[in-house]
Amino acid sequence: MKDNDNRNVNDYPEKKGTVDIYHELAEDQVDVVYIEGDRAGLESLAELLLWLTRHTGVEPMDDHIHLHRNVQLGKRSCEVAVYCREDV
């Protein structure tokens, strides 16, 4: 499975534990994003985010990865795109 034109999800750091990222509409009609997981899953997500920063080109600094339900994320998750950008 490929995310970017030349990046294969098999290049990502090994997934450990369980982590879910999902959103819900709260009672006050505000979208809330939840990130929940066990210790190993949250550490694995942190490693993946660090991996993205280390594998992003210098110019232009606008690279991204996709986190997929039942692959990098748990079954309750939505699909997630994470961008590494210098202009935000």
Side-chain angles (χ1 to χ4, degrees):
M1 181 181 305
K2 293 216 176 201
D3 277 344
N4 292 339
D5 292 337
N6 58 359
R7 182 170 294 146
N8 189 308
V9 296
N10 294 325
D11 295 336
Y12 293 1
E14 178 185 355
K15 177 189 174 209
K16 300 171 196 124
T18 303
V19 66
D20 282 292
I21 301 174
Y22 59 94
H23 63 89
E24 291 182 354
L25 193 59
E27 289 181 22
D28 56 1
Q29 302 298 308
V30 174
D31 265 331
V32 178
V33 175
Y34 294 93
I35 301 173
E36 62 182 36
D38 56 25
R39 183 182 308 261
L42 293 174
E43 288 175 353
S44 183
L45 178 60
E47 289 173 14
L48 183 57
L49 295 174
L50 288 171
W51 178 89
L52 174 62
T53 66
R54 294 176 183 137
H55 288 84
T56 297
V58 176
E59 289 292 330
M61 187 90 161
D62 181 12
D63 211 349
H64 69 284
I65 56 174
H66 294 266
L67 307 179
H68 302 284
R69 181 184 343 196
N70 294 324
V71 181
Q72 294 85 17
L73 301 172
K75 63 184 176 184
R76 293 179 29 196
S77 296
C78 56
E79 299 288 305
V80 176
V82 181
Y83 284 81
C84 182
R85 299 177 55 144
E86 289 294 318
D87 63 343
V88 285

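Sequential numbering from 1 along the given sequence is applied to the chain's residues. Remember, it's a predicted structure, so these values are computed and weren't measured experimentally.
Following chains of ILVMFWY side-chain contacts shorter than 4.5 Å, one can reach Val33 starting from Leu48, so the two form part of one hydrophobic cluster.
Aromatic ring orientation, His66 versus His64: perpendicular (interplanar angle above 60°, classes split at 30° and 60°).
When side chains are defined from C-beta on, Leu67 does not count as touching Val19, because their heavy atoms never get closer than 4.5 Å. Two residues are said to be in side-chain contact when any heavy atoms from C-beta on lie closer than 4.5 Å; Val30 and Leu25 fail this criterion. Residues Val80 and Cys78 meet the side-chain proximity criterion, which asks for heavy atoms closer than 4.5 Å.
Note that the OG atom of Ser77 and the NE2 atom of His68 stand 12.0 Å from one another [nearest 0.5 Å]. Taken from CD in Gln72 to CD in Glu79, the straight-line distance is 8.5 Å, to the nearest 0.5 Å. Here the NE2-CG distance, from His55 to Leu50, works out to 11.5 Å after rounding to the nearest 0.5 Å. Here Leu49 contributes atom CG and Ile65 contributes atom CD1; the two are 6.5 Å apart, rounded to the nearest 0.5 Å. Of the inter-residue distances, the one linking Asp63 atom CG with Arg85 atom CZ reads 11.5 Å to the nearest 0.5 angstrom. Expressed to the nearest 0.5 Å, how far CD1 of Ile21 lies from CZ of Arg69 amounts to 12.5 Å.
Counting all heavy atoms, side chain and backbone alike, Lys75 lies closest to Asp20 at N-OD1, 3.6 Å.
Side-chain contacts under 4.5 Å among hydrophobic residues (ILVMFWY), followed directly or transitively, place Val32 together with Tyr22, Tyr34.
Not a single donor-acceptor pair under 3.5 Å links the side chain of Thr18 to the backbone N or O of Gly37.
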